[in-house]
Amino acid sequence: MSAPSMTLFHNPASPFVRKVRVLLLETGQHDRVTLHGCMPTPVNPDAQLVQDNPVGKIPALRLPDGSVLHDSRVILDYFDHQHVGNPLIPRDGSARWRRLTLASMADGILDAAVLVRYETALRPVEKHWAPWLDEQRNKINRTLAELEQDAIAELTSHFDIAAISVACALGYLDFRHPDMHWRLANPQLAAWYAEVSQRPSMQQTQPPA
Ligand code: BEZ
């Protein structure tokens, strides 16, 4: 494997970064990137990161020619075009739109879960907006319920963009929101996650303890 020539702006707690790292490991490309740690928050952007990504979000990927890709969906697509194995994002047909829609559901869970994390961990408690927090949690629970009801067979069929995204979303709920007890209402998802979370790519990218 040649020396890494790309820089991935990353934080081990970010579930969006985790999706990229899981795909890199699943496709044998992890050694192609150098990890550059940063911890942007909504009130404290990372100065170096915003030079490369004005939105200030991770992951961002600096390519060998100096150009920068973001966000996680774009970076996942980029790396999926860089390996010779079966694509983890179907290239066309109904499978493409269905797998990307499942991945989008997982991203929706993550968007809400990260917002709840910011609101509860960063914002002074007297400023917490309870109805807004409730609706973010409702969004997570509704989406989990649909995955539980409609998507278990699809998730089980292969570990691709859809499964990676859902697995990283569930991992983030365990990491930041164990109080949501998502397994109680979603036993099939819980059984599926128990299995996929043993994959080396998931084990090697676990968020910090
Ligand atoms: C977190 O610490 O929960 C987090 C870190 C980076 C991005 C998103 C979430």
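Because the structure is predicted, anything quoted here is derived from the model rather than measured. Counting starts at 1 for both ligands and their atoms, following the listed order. Along the sequence shown, residues carry numbers from 1.
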### Any pair counted as ring pair (Phe, Tyr, Trp, His ring centres under 6.0 Å), so long as it reaches residues 147-185, sequence neighbours left out
Trp182-Tyr193
Need the list: ligand 1 N/O atoms against protein N/O atoms, distance under 3.5 Å, rounded to one decimal.
from, atom 1, to, atom 2, distance (Å)
ligand 1, 2 (O), Arg176, NH2, 2.7
ligand 1, 3 (O), Tyr172, OH, 2.6
ligand 1, 3 (O), Arg176, NE, 2.9

### Query
What's the verdict on salt bridge (charged side-chain N to carboxylate O under 4.0 Å, His left out) for Asp111 and Lys139, showing C-alpha distance, side-chain angles and the deciding distance?
CA-CA 10 Å; Asp111 288 338; Lys139 193 184 298 192; over 6 Å; no
### No-hydrogen, no-angle side-chain donor-acceptor test under 3.5 Å, Gln82 and Arg32
yes
### Task
Please go through Val125's hydrophobic cluster and name the other residues, only I, L, V, M, F, W, Y counting, with side-chain heavy atoms under 4.5 Å joining them.
none
### Message
Please check: side-chain N/O of Arg18 versus main-chain N/O of Met202, any donor-acceptor pairing under 3.5 Å?
### Response
yes
## Note on the structure
Contacts satisfying ring pair (Phe, Tyr, Trp, His ring centres under 6.0 Å) that involve residues 59-83 (not counting sequence neighbours) are none
